[in-house]
Amino acid sequence: MKRILYRSPFVPPEWIAAHGFRPSRILPRNLAGSGGPVPTLQGVCPFMRGVIREMCSHTDAAGIVLTTVCDQVRHAADLLRRRVETPVFLMTVPATWQDPAPQALYLSELKRLGRFLVEHGGTTPSDVRLAEFMLEYEKRRSEWRGILSKCGSKACSEHMAAFLASRDLPDASPSQERQAGIRIALLGGPLHLDAFDLFDMIEKYGGTVVLDATETGERTLPGPFHRTDDFHAPPLEDLARTYFETIPDAFRRPNNRLYEWMRNAISERGIQGIVLVRHLWCDTWHAELARCSDELAVPVLDFELGEGHTDLGRAVRIQAFLEVLR
Amino acid sequence: MRQSPRKISLAEWDTRYAEMKKEGLPEPAYGGRLSRHVNNGDYRLKRLSFDNSPASLDLWNFLLTEDERLHESRKAGRKIVGTMKDLGTVPVMAYAFPNITAFYPDGAWWIPCVMEMSAGLLRVADSLGVDESFCPVRAMLGAFVTEAHFPIPDLLVCSVGATCDDFSAIAQRLEAMGHAIVWWEMPHRRTPLTGEPSVRMPGGLEAPVDQVAFVRGQLAKIRHVLEELAGAALDDDQLSAAIRVANEARDLLERLRRLVFTAKRCPLPATELLIAEMLTIHFCSDRDECLRVLGGLLAEVELRVAAGEGLLDADAARIFWVNPVADVRALTLFEECGGRLCGTDNMFLHALDRIPSTGDPLECLAMSALSDPMVGSATDRALRICSDAKTFGAEGIVVSRIPGASHCALEGTIIADVVRSRSDLPVVELEVPPVSDAFSSSLSTRMQALVESIKQRRRP
Ligand code: SF4
Ligand code: SF4
């Protein structure tokens with residue numbers, strides 16, 4: 001089955017799968033090195049570069065889906081169209097949400113994505129077929145939430161990454177019990193695969209990640225569908241509404257839902273400190289740092305995943321942060 | 001009073017001003033000696049050179065007194081609207097209300113340059129967690145905190161979506177600091193699908209009808225918010241009339257640009273042209289006066305062109321300039337290196353192009369907004385640059401990067417790519433910080449290299 005590569009949590013994999021493709025969420029393993037169509041330039045987000053480079057290495061893919069949630073990705077889509085033959089679809093994900101028009105725009109963008117998929121070899125799904133995929137993904141998401149309560153955030157995020165990359169379930173479900181320790185939330189942009197060692201680093205110094213609110217973690221799991229048991233109304237509308245309304249993110253305007261969501265999580269999970277993970281040159285998350293410190297009633301550590309910090313430097317920062325929280 | 005065109009220093013302007021006063025120079029209320037602005041902190045003026053015409057004096061004085069004008073508007077009971085990011089759309093509508101003055105807080109972009117960092121705005125932005133990894137527009141945060149520049153607006157509206165991350169992030173920070181913002185969505189302009197109903201936009205691009213309708217809906221929301229603030233409804237006739245006035249300004253500017261870019265000898269320095277372009281975005285907070293200032297400048301340039309007069313070397317290299325410079329001194333340097341402007345894309349060409357004026361006025365405004373070069377693909381933008389460069393006879397292109405701007409690195413790469421594939425024009429990329437003195441030798445080297453390569457190519 002041909003793959004469609006995507007990255008953003010605002011691209012519903014159910015919709016791609018229902019068109020007969022294998023949706024594959026791309027997370028690069030590491031961000032070092034050059035190559036790929038996006039040049040290594042000052043000002044370019046290394047995560048985005050890594051994603052695009054990884055996408056380009058999958059020459060068998062039927063298409064690439066990117067979103068407008070960030071300026072750099074928008075321009076990367078343009079560059080990509082000029083440099084590779086794989087068809088590229090740039091989907092508008094509105095930043096605003098307070099009036100009905102942006103949500104209607106999101107729905108129409110999903111429909112346009114559907115046409116793109118059909119043009120490139122997919123088949124238009126019936127409502128029943130789409131509903132089946134929605135139920136399947138819904139089931140996965142509730143499994144992940146189960147893993148989360150038992151085994152912790154790293155296990156859940158890894159399981160998610162593996163499944164979303166291939167639609168294959170990893171061989172074994174995680175079983176390791178969550179470790180006790182200072183209760184930490186990760187918040188921020190996406191983690192590349194090598195950055196998952198951040199969970200271990202936090203454990204090593206006496207913490208435990210009880211919430212992965214990075215873009216690759218639990219925060220971006222859409223909430224339950226409204227009619228998972230009764231798909232008489234068009235399921236695409238439910239899909240659009242759920243993805244559009246229930247994923248809190250820093251790029252939304254206004255983005256107060258992100259803060260409401262975080263405040264709830266902090267009190268529900270007894271979070272003692274936040275590690276704000278951001279990539280170099282990512283304005284969206286960088287600008288939230290000071291506000292997180294002002295508004296979320298727990299200490300916040302700025303954790304930049306960029307060339308500017310060594311592994312040792314990062315470890316020292318985590319260690320010092322956890323010492324302060326002790 | 002008229003002299004042949006020449007670039008003069010601030011001190012020379014003082015002498016000239018005194019002479020012109022003796023000769024009975026008619027002056028607007030905001031007129032006066034240019035050097036007085038240095039006493040208000042605009043230290044950069046001392047490092048610039050200026051066009052010597054009375055029309056340019058008005059232009060500079062008009063620009064540099066905008067904050068005073070805004071404070072006077074507030075005192076006079078007018079409502080102040082801070083329109084953010086769309087550059088050229090919402091103010092057209094806002095000025096249709098007799099009791100609203102609109103301006104761009106984004107204009108604080110230039111304060112660190114003009115005041116040579118003395119205002120401390122970037123330090124305030126730093127303290128709010130918005131450091132130099134963001135573009136100079138972060139100075140806006142400082143201006144809101146210090147309240148030492150523009151008055152705090154009665155209403156803030158901001159376009160987001162297909163805008164830069166810098167501005168969107170900074171505006172969100174501003175809202176979190178307690179400045180309520182009405183957000184409106186600007187979708188990424190896309191190429192219509194095969195068979196999809198589309199419309200031709202200002203600037204010549206096509207956009208899907210659905211996208212125009214969407215933006216129209218967003219602008220209708222803003223119209224409603226403005227009506228509530230003004231306490232009066234805005235009907236289509238009033239909006240159409242406002243579009244006509246905006247087009248008057250755009251027509252003046254179009255004629256000015258064309259003359260400046262195509263005249264045999266350069267009739268106006270690059271800095272004065274940049275200011276003229278900026279005025280049209282929001283009329284520099286006084287629509288009638290803006291028309292008068294632009295008209296005066298155009299008349300001067302027409303006289304110069306008719307008389308075959310110019311300022312720079314007759315063989316100056318004709319260069320298309322992409323993106324505004326964070327330090328206006330860089331344009332003076334550019335001319336000292338032997339360049340002259342022959343086309344510009346300062347990121348707001350949609351604010352210079354005529355707004356469509358037939359049919360539903362809100363839809364016309366939506367089309368204008370959607371033709372913003374920054375909301376579409378960089379390839380679209382680059383194609384327009386190629387076409388304008390050809391029209392104006394440019395011999396080379398400067399892509400000027402803005403430090404910290406999220407769009408610049410990739411956009412610059414794409415623009416250079418497209419230009420190189422569509423033309424044989426040499427392209428130089430450079431970065432201009434808000435105060436560029438420390439970089440002037442490397443900037444000069446790059447500009448001179450471009451000028452020399454252009455002159456070599458002219459040789460038979
Ligand atoms: S990490 Fe930030 S800059 Fe990078 S792709 Fe994501 S949103 Fe864009
Ligand atoms: S200069 Fe660029 S990054 Fe800065 S506000 Fe303007 S468009 Fe945005």
Side-chain angles (χ1 to χ4, degrees), chain A residues 37-39 41-45 48 67-79 81-83 90-99 101-102 104-105 108-109 112 115-116 119 250-256 259 280-295 302, chain B residues 127-131 133-135 138 158 160-173 175-177 180-188 190 193 196 210-211 214 217-218 221 374-380 382 401 403-414 417-418 421 431:
Chain A
V38 179
L41 288 173
Q42 188 175 359
V44 170
C45 163
M48 181 271 293
T67 60
T68 58
V69 300
C70 138
D71 200 12
Q72 300 213 24
V73 175
R74 208 155 57 85
H75 290 305
D78 198 9
L79 194 64
R81 284 197 182 115
R82 304 184 55 78
R83 302 271 162 96
L90 180 63
M91 177 174 160
T92 290
V93 178
T96 58
W97 50 271
Q98 285 173 311
D99 66 79
L105 175 60
S108 76
E109 284 293 282
R112 194 168 66 85
R115 287 197 289 277
F116 169 85
E119 248 173 56
F251 87 96
R252 307 312 288 269
R253 292 294 172 268
N255 64 12
N256 49 316
Y259 286 84
L280 183 65
W281 302 114
C282 175
D283 293 336
T284 306
W285 280 102
H286 192 171
E288 296 306 321
L289 177 64
R291 183 169 171 210
C292 285
S293 300
D294 291 350
E295 293 190 21
D302 177 20
Chain B
S127 73
L128 293 166
V130 178
D131 64 16
S133 68
F134 292 80
C135 99
R138 68 197 178 100
C158 181
V160 278
T163 55
C164 59
D165 295 343
D166 298 66
F167 201 90
S168 172
I170 290 169
Q172 178 60 73
R173 186 86 184 94
E175 186 181 59
M177 286 158 52
I181 293 176
V182 178
W183 305 94
W184 63 282
E185 186 81 28
M186 172 51 71
H188 171 77
R190 61 178 176 82
L193 307 172
E196 184 179 18
D210 281 357
Q211 283 202 316
F214 177 84
Q218 295 294 296
K221 176 173 89 175
M374 304 303 286
V375 309
S377 73
T379 300
D380 281 352
R401 280 197 305 269
S406 58
H407 53 94
C408 269
L410 289 185
E411 210 181 34
T413 305
I414 296 168
D417 242 29
V418 174
S421 69
E431 181 165 300

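Lettering follows sequence order; numbering is per chain, from 1.
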With respect to chain B, which residue among Ala101(A), Gly43(A), Ser293(A) yields the maximal number of heavy-atom pairs within a distance under 4.5 Å? Ala101(A)
Tell me which of these, Arg253(A), His75(A), Arg291(A), has more heavy-atom pairs under 4.5 Å with chain B than the rest. Arg253(A)
Shortest non-hydrogen separation from Pro102(A) to Gln218(B) and the atoms involved: CD-NE2, 4.5 Å
The interface call for Arg252(A) against chain B, heavy-atom contacts under 4.5 Å, is backbone
Is there a donor-acceptor pair closer than 3.5 Å between any side-chain N or O of Glu175(B) and the backbone N or O of Pro254(A)? no
Might you point out which heavy atoms bring Gly129(B) and Ala290(A) nearest each other, and give the distance in Å? CA-CB, 4.1 Å
Counting only heavy atoms closer than 4.5 Å, note whether Asp417(B) contacts chain A via side chain, backbone, both or neither. both
Arg173(B) with Asp283(A): basic N within carboxylate O range, under 4.0 Å: no
Check each atom of Thr92(A) against the heavy atoms of chain B and say whether the ones under 4.5 Å are side chain, backbone, both or neither. side chain
Of all of Val38(A), Leu41(A), Asp302(A), which one pairs up most often with chain B through heavy atoms under 4.5 Å apart? Leu41(A)
Return the CD to SG distance between Gln72(A) and Cys408(B), rounded to the nearest 0.5 Å. 10.5 Å
Does any backbone or side-chain atom of Ala76(A) lie under 4.5 Å from a heavy atom of chain B? Answer side chain, backbone, both or neither. both
Whatever's closer than 4.5 Å to a heavy atom in chain A on Val182(B) counts as neither
Between Leu410(B) and Pro39(A), which heavy-atom pair has the shortest distance, and what is it? CD2-CD, 4.2 Å
With a 4.5 angstrom heavy-atom cut-off, which part of Thr163(B) approaches chain A: side chain, backbone, both or neither? backbone
Are any of the side-chain heavy atoms of Arg81(A) and Ser377(B) separated by less than 4.5 Å? no
Looking only at non-hydrogen atoms, find the nearest pair between Ala176(B) and Glu295(A) and report the distance. CB-OE2, 4.0 Å
Cut-off 4.5 Å, heavy atoms of chain A, and the answer for Leu193(B) is side chain
Can you tell which part of Arg112(A) gets under 4.5 Å to a heavy atom of chain B, answering side chain, backbone, both or neither? side chain
Heavy-atom cut-off 4.5 Å, strictly under: side chain, backbone, both or neither for Met48(A) against chain B? side chain
I need the Phe214(B) CZ to Leu105(A) CG distance, nearest 0.5 Å. 4.5 Å
Quick one: closest heavy-atom pair of Met374(B) and Arg74(A), and the distance? O-NH2, 3.3 Å
Indicate yes or no for a side-chain donor-acceptor contact from Asp78(A) to the backbone of Thr379(B) under 3.5 Å, with no hydrogens or angles considered. yes
Considering non-hydrogen atoms only, spot the tightest contact between Ser406(B) and Asp71(A) and give its length. OG-OD2, 2.6 Å
Is any side-chain heavy atom of Asp210(B) closer than 4.5 Å to one of Ser108(A)? no
Portion of Arg190(B) that has a non-hydrogen atom of chain A nearer than 4.5 angstrom: side chain
Among the listed options Gln172(B), His188(B), His407(B), the residue most often paired with chain A at heavy-atom distances under 4.5 Å: Gln172(B)
Considering only heavy atoms, which portion of Met186(B) lies under 4.5 Å from any heavy atom of chain A: side chain, backbone, both, or neither? neither
In terms of heavy-atom pairs under 4.5 Å, which option from Gln42(A), Gln98(A), His286(A) contacts chain B the most? His286(A)
Among the listed options Leu289(A), Asn256(A), Asp99(A), the residue most often paired with chain B at heavy-atom distances under 4.5 Å: Asp99(A)
